[in-house]
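Right, one structure below, let's go through it.
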Amino acid sequence: MTVRSRFAPSPTGLLHIGGVRTALFSWLYARRHGGVFILRIEDTDRERSTEAATQVILDGMQWLGLTADEGPFYQTRRMDRYAEVIEQFLASGHAYRCYCTKEELEAMRARQMAAKQKPRYDGTCRNRTTPRAGVDPVVRFRNPLDGTVVVEDVIHGNVVFDNAELDDLIIARSDGSPTYNFCVVVDDMDMRVTHVIRGDDHLNNTPRQINMLRALGATLPVYGHLPMILGADGTKLSKRHGAVSVLQYRDEGYLPEALLNYLVRLGWSHGDREVFTLAELTQLFDIGDVNKSASAFSPDKLLWLNQQHIMRAAPELLARYLKPQLAAIGIVVDDDAKLAAVAHAMRERAKTLKEMALNSTYFFKLDGYDEKAAKKNLTSEAVRPLTVVLEKLAALTDWRAAAIHDIVNLTAAELQVGLGKVAQPIRVAVSGTAVSPPIDSTLEVLGRETTITRLQRALDYASRQ
RNA sequence: GCUCCCAUCGUCUAGAGGCCUAGGACGGAGCCCUCUCAAGGCUUAAACCGGGGUUCGAAUCCCCGUGGGAGCGCCA
């Protein structure tokens with residue numbers, strides 16, 4: 001049997017970290033078992049669903065590389081099918097029309113709450129045979145009155161619910177539109193979903209869905225309810241925690257693979273390993289290894305993992321992401337080879353691509369010196385080392401890090417000063433700051449012309465001090 | 001209120017009854033390396049929610065508390 005898993009977000013809010021983690025586990029499970037991953041947009045709430053939210057889901061999934069084999073399907077385009085099943089339920093007696101008004105239902109709930117009971121529909125219309133004038137009825141599913149429903153969950157084990165705890169849920173509103181739990185059931189059946197992997201906030205919905213699936217004579221999927229992700233403060237993830245949309249992580253300079261790596265470790269582990277590529281995850285991930293407790297989101301650890309992935313990434317790949325980050329701060333670069341060279345030099349010293357861009361500007365233009373750095377390093381004391389090193393570099397034909405390295409060392413040796421006395425002035429001269437990759441590779445990337453020009457300018461500056 | 005779920009360092013986790021003097025990672029502290037910043041290496045502080053059982057033996061199994069979470073919508 002081919003595994004068929006799905007991700008079924010509703011576009012009522014922007015796709016966030018929690019949603020992505022659910023999508024990831026579902027996707028990984030399908031990939032691991034050579035199965036099919038389905039994307040389904042649950043947009044039956046016409047009021048709250050937005051085009052923008054749908055676009056974030058689509059763009060986010062694409063950015064992350066969580067590609068769907070089937071879909072995206074939209075529930076709003078399946079209304080005829082839902083209507084068909086509702087009729088079927090009505091005809092078979094699995095559903096009935098309920099003429100209770102919203103006001104009556106609210107009053108009932110209030111009464112039950114006051115009596116410290118669980119609020120639930122009391123079944124008033126269960127055996128009603130005649131319509132009630134002036135009321136557009138809803139359709140309710142006739143839930144079994146007794147017995148139990150066992151949810152066989154690969155993460156939680158067997159979870160038992162008493163049917164007596166469940167009531168007859170509304171599957172069609174008074175305007176005829178179908179509701180969430182019902183649509184999920186019809187879709188999962190029609191799309192032949194074998195594995196339902198979703199947040200454990202849905203665990204309580206599952207027995208109702210199972211009852212409907214049974215009424216339809218469908219084979220039950222395997223369930224896996226994932227623990228929730230909480231904000232860094234341990235409370236429920238919300239707008240307060242920033243990161244409204246996953247795309248924000250792209251804009252902040254996170255690598256998709258790093259974000260996914262971070263997310264997979266929330267609730268899942270593989271021995272002591274922390275760093276995984278996506279390819280490795282598709283080999284190693286198993287839903288049975290997922291734990292049951294909620295976990296808090298740690299921005300620090302994500303940052304660390306992002307750096308780990310940046311360090312390991314191919315410069316050419318980094319260059320692709322670095323380019324728009326530089327453009328965002330007004331530096332437009334067309335030279336992809338140079339971009340890759342910069343990324344290579346910088347990849348061990350940036351936690352995000354955005355940070356890399358911010359700290360790489362001098363590779364493309366130098367506007368002036370950092371005041372403190374210049375004051376400390378471009379002094380009269382620096383004139384001699386700069387002069388000597390400039391002279392040697394000007395004569396260098398083989399412009400590569402190794403050769404540059406030798407020249408800098410030789411200069412320090414000749415002048416009988418520490419390496420720092422030579423390297424730091426050069427660093428400030430070419431980068432305008434006191435921080436850069438090793439001076440030899442910095443100069444290599446900068447190129448001969450730029451280096452010479454900047455050294456001369458710095459020499460002028462230092463001479464005036 | 002009722003039902004369901006969950007519970008190991010600050011955080012993410014390892015742990016399937018003896019391997020636990022509870023391991024790793026992030027973050028913290030310190031040291032080393034060093035041309036800056038990083039990266040890397042080493043050291044260090046830091047946890048089994050509480051109480052009862054079961055057992056020769058419990059972080060691991062059972063029960064009861066406690067704490068946290070979810071659901072109980074003509075939302076999804």
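Below, read A as the first sequence line, B as the second, and so on, with proteins coming before strands; counting in each chain starts at 1. Quantities reported herein were computed from a predicted structural model and do not represent experimental measurements.
- Side chain of A:Arg312 to backbone of A:Gln308: a donor-acceptor contact under 3.5 angstrom is found.
- At a cut-off of 3.5 angstrom, counting only N and O atoms as typed in the model, there is no donor on one side facing an acceptor on the other between the side-chain of A:Arg120 and the base of B:C72.
- Phosphate contact (OP1/OP2 of B:C74, side-chain N/O of A:Arg109, threshold under 4.0 Å): present.
- When each of B:C12, B:C6, B:G73 is scored by its nearest atom to the side-chain atoms of A:Lys292, the top-ranked nucleotide is B:C6.
- Not a single salt bridge (Lys or Arg N to Asp or Glu O under 4.0 Å) links A:Arg198 to another residue, sequence neighbours left out.
- Side-chain proximity of A:Glu42 to the nucleotides B:U11, B:C37, B:A76 is greatest for B:A76.
- Listed candidates were B:U3, B:A7, B:G1. Nearest to the side chain of A:Glu165 is B:U3.
- Under the Watson-Crick and G-U wobble criteria, each requiring two contacts below 3.5 Å, nucleotide B:C72 is paired to B:G1.
- Residue A:Thr433 has no polar side-chain atom (N or O) positioned under 4.0 Å from OP1 or OP2 of B:C37.
- Contact annotation for A:Pro438: base contact, defined as any heavy-atom pair under 4.0 Å involving a base atom.
- Listed by residue number, the members of residues 300-310 of chain A with any heavy atom below 4.0 angstrom from RNA chain B are A:Asp300, A:Lys301, A:Trp304, A:Gln307, A:Gln308.
- Of the residues in residues 197-210 of chain A, those with a non-hydrogen atom less than 4.0 angstrom from any atom of RNA chain B are A:Asp201, A:His202, A:Leu203, A:Asn204, A:Asn205.
- Figure legend. B:C26 is base-paired to B:G10; pairs are counted as Watson-Crick or G-U wobble with both atom distances under 3.5 Å.
- Checking A:Lys351 against A:Ala115, the closest nucleotide of RNA chain B that is more toward the 5' end is the one next to A:Ala115.
- Counting any heavy atom pair closer than 4.0 Å across all strands shown, A:Ala296 reaches sugar-phosphate atoms only and no base atom.
- In this structure, a donor-acceptor pair under 3.5 Å is absent between the side chains of A:Asn306 and A:Thr352.
- If you check every strand for non-hydrogen atoms under 4.0 Å, A:Ile439 touches a base.
- Checked against the 6.0 Å centroid criterion, the rings of A:Phe141 and A:Phe89 qualify as a close aromatic pair.
- Listed nucleotides B:C74, B:C5, B:U11 differ in distance to A:His156; the shortest reach to its side chain belongs to B:C5.
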Under 3.5 Å between N/O atoms: give me all the protein pairs with nucleotides 41-50 of chain B, atom names plus distance.
none

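- Backbone-only engagement by A:Thr44 is indicated by non-hydrogen atom pairs under 4.0 Å involving sugar-phosphate atoms exclusively.
- Across all strands shown, B:G50 pairs with B:C64; the Watson-Crick or G-U wobble distances both stay below 3.5 Å.
- Looking at A:Ser295, its side chain has no donor and acceptor atom pair within 3.5 Å of the base of B:C12.
- If you check residues 133-141 of chain A against RNA chain B, the residues with a heavy atom closer than 4.0 Å are A:Val138, listed by number.
- Using the Watson-Crick or G-U wobble rule with both distances under 3.5 Å, B:C31 pairs with B:G41.
- An OP1 or OP2 oxygen of B:C72 is reached within less than 4.0 angstrom by no side-chain nitrogen or oxygen of A:Lys118.
- With hydrogens and angles ignored, a donor-acceptor pair closer than 3.5 Å exists between the side chain of A:Glu274 and the base of B:G24.
- Not a single side chain to side chain donor-acceptor pair (under 3.5 Å) links A:Glu391 to another residue, sequence neighbours left out.
- When the side-chain nitrogen and oxygen atoms of A:Ser269 are compared with OP1 and OP2 of B:A14, one or more of them lie within a distance under 4.0 Å.
- Taking a pair to require two hydrogen-bonding distances under 3.5 Å in either a Watson-Crick or a G-U wobble arrangement, B:A16 remains unpaired.
- Side-chain nitrogen and oxygen atoms of A:Arg273 include none within less than 4.0 Å of the OP1 or OP2 phosphate oxygen of B:G24.
- Spacing of C1' atoms, B:G28 relative to B:A45, comes out at 9 Å, to the nearest Å.
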